Amino acid sequence: MKICGLWVVHVLTLAFFAWGDDNIQQTRNDRGTFYYGTFPSSFSWGVGSSAYQIEGAWDSDGKGESIWDVFTHRKGKVFMNQTGDSTCDGYNKVKEDFELLKELKVSHYRFSLSWPRIIPTGIQAEGINEKGIKYYNDLINILLQNKITPLVTLYHWDLPQKLQGRYGGWQNISMVTYFNDYANLCFERFGDRVKHWITFNCPWSVAVHGYETGKHAPGMKLMGTGAYKAAHHMIKAHAQVWHSYNKNWRIKQQGMVGISLTTEWGEPVDISNQKDIEAADRFIQFHLGWFANTLYNGDYPQIMKELIGQKSAHQGLRVSRLPTFTSQEKSYIKGTVDFLGIGHFTTRYITSRNYPSTHSPSFYTDRDLTELVDPRWPEPESNWLCSVPWGFRRLLNYVKTHYGNPMVFVTENGASEKMQCVELCDEWRIQYLKGYINEMLKAMKDGANVQGYTAWSLMDMFEWDDGFSERSGLFYVEFQNKNKSRYPKASVPFFKRIIAANGFPNPRETR
């Protein structure tokens, strides 16, 4: 699945814990008691998807090429050289897919707009594709006619290829202007009906896997610099879009602009070891804090500035590999979040590890830590995703404590599997959702300001560099069939019961 590219290069498996007594470990691995209760009446339940993963029609009706079109057409970049050229054919199945949403009885649907479907080259002055505008208008209208709120993402990784080819994509500061133009066009055309906007989905993955590891489009491997530069420009782009909306559209349209940040939870391996505690904090800061601290407080986390600056100096560089903001930029960026989208899938144990500055520059070695998983954590064949529900509660409480208890929408949470279950018996997903939703309920009881939950995903889709080898959907998609038929998995009636009951009111309604 790797919905946010969360597969990490240096994940090790803990065969046993060499430190800490058994009682401590049993306590930390105990998922705790199940909490019976319901969510507030205003709580919003939904499902999600993204344009490249679901739409197909990659070259239809005037759409321009995206970086993912180009990346997947290169041999050896994706599992079995699969592409999203047709994927679920969502572009031609708006009414059919709406019936799936209707069956679930969701309150909201999270989807993304394809920038190159709306502006083929990415540059508005070079032309707008009205057929792309119509497609999204039709989708938004059918949702609203049936009282389903659209939660719309402007950028879910499919940058127009022309902007990558001409300017180097997010390595170039000009993306800030082009993205702002695109966003304002979307506000103009859709903002009378769309009131919840997300600028970026998981910019961490765009930066790290698009411009550092090269595992995702555009496939650049600018080790130690590319990720930081891309993130710097995306943060500036987000802030400019927020200010544009605030100045030009907010009074008229009465909407909100947020961002979706996907992160794992990092737990210290040894809770009595100060170095492990600090390493776990670094893990969070280099993942969530990189963006959240900057948007809420106006600058990168102090530990990022210190570590990257020190390593850069030791590597003979005159300036840090982490870019800096001017005082004016810090003020401009600070507070540009109306709501915070949180995506979360799993947890890692973290221990300290010192990477000497003689190592080649790298985002991963800059963190000075190692990630581990407990072999007792349940996992399907998707070996990056272990089910660790208690980490979700800790993450939501961390957000509450460190960022002023902001309004939160859970924008991605779910499980994938590689198993081809012809009986559609995704018991693993049912147990995963049950555990994570319950931990979210506990976090809300703790005081976390969570307003909605988005199960990821509506249906099986193209899963980036994993192609179609992993399935994350509530609905099974028959990709080999020309009609791309959809079938409900066992998790569909389960999730419907959660929505209908608005949580877990009594034991008989949790299964």
Side-chain angles (χ1 to χ4, degrees), residues 3-4 6 35 37-48 106-112 149-154 156 194-205 235 238 242 255-266 284-285 287-297 301 334-347 388-414 433 435-457 498-499 502-503:
I3 296 162
C4 193
L6 290 175
Y35 176 66
T38 56
F39 291 83
S41 59
S42 60
F43 194 78
S44 183
W45 297 95
V47 288
V106 293
S107 307
H108 70 264
Y109 178 46
R110 183 189 171 206
F111 63 94
S112 74
T149 299
L151 187 59
V152 180
T153 304
L154 291 167
H156 201 128
V194 174
K195 306 304 176 185
H196 298 81
W197 294 99
I198 294 170
T199 52
F200 291 93
N201 178 78
C202 194
W204 182 94
S205 190
I235 289 167
H238 165 88
W242 186 92
M256 296 187 293
V257 176
I259 192 169
S260 178
L261 305 177
T262 300
T263 182
E264 299 164 334
W265 175 249
I284 296 296
Q285 296 299 345
H287 213 138
L288 175 66
W290 187 2
F291 299 92
N293 193 80
T294 309
L295 295 174
Y296 281 102
N297 300 319
K334 184 177 179 180
T336 56
V337 191
D338 296 327
F339 66 90
L340 180 61
I342 288 291
H344 177 70
F345 297 96
T346 192
T347 285
V388 194
W390 53 261
F392 194 23
R393 181 183 185 182
R394 297 191 188 196
L395 173 62
L396 292 172
N397 274 296
Y398 181 94
V399 169
K400 176 191 70 176
T401 302
H402 287 78
Y403 306 120
N405 200 16
M407 179 189 297
V408 167
F409 284 89
V410 175
T411 43
E412 289 184 329
N413 177 244
L433 291 173
Y436 276 76
I437 292 171
N438 197 249
E439 291 296 318
M440 175 178 65
L441 182 60
K442 292 177 186 177
M444 293 174 66
K445 185 183 179 186
D446 298 335
N449 184 19
V450 183
Q451 299 292 313
Y453 174 86
T454 308
W456 196 265
S457 55
I498 296 289
I499 294 172
N502 201 29

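Position 1 is the first residue of the sequence; numbering continues from there. On a predicted model such as this, the values are computed, not experimentally measured, just so you know.
Smallest separation of non-hydrogen atoms from Val194 and Pro150: CG2-CG, 4.2 Å.
In this structure, the side chains of Leu261 and Ile259 come closer than 4.5 Å at one or more pairs of heavy atoms. Here the side chains of Tyr436 and Val388 are in contact, with some heavy-atom distance below 4.5 Å. Contact of the Tyr453 side chain with the Phe39 side chain is not registered, since no non-hydrogen atoms from C-beta on lie closer than 4.5 Å.
Using a cut-off of 4.0 Å between Lys/Arg side-chain N and Asp/Glu carboxylate O, Arg393 and Asp446 are scored as salt-bridged.
Here the two rings, on Trp456 and Phe345, have centers that are 6.0 Å apart or farther. Ring centroid separation for the pair Trp390 and Phe392 does not come in under the 6.0 Å cut-off. Two rings, from Phe111 and His156, have their centers 6.0 Å or more apart.
For Thr454 (side chain) and Val410 (main-chain N/O), a donor-acceptor pair under 3.5 Å exists by modelled atom type.
With sequence neighbours excluded, the residues satisfying side-chain contact (heavy atoms from CB on, under 4.5 Å) with Ile284 are Trp265, Leu288, Tyr398.
Environment of NZ in Lys195: crowded, with over 12 heavy atoms of neighbouring residues, nucleotides or ligands closer than 6.0 Å.
Side-chain polar atoms of Trp197 and Asp338 form no donor-acceptor pair below 3.5 angstrom.
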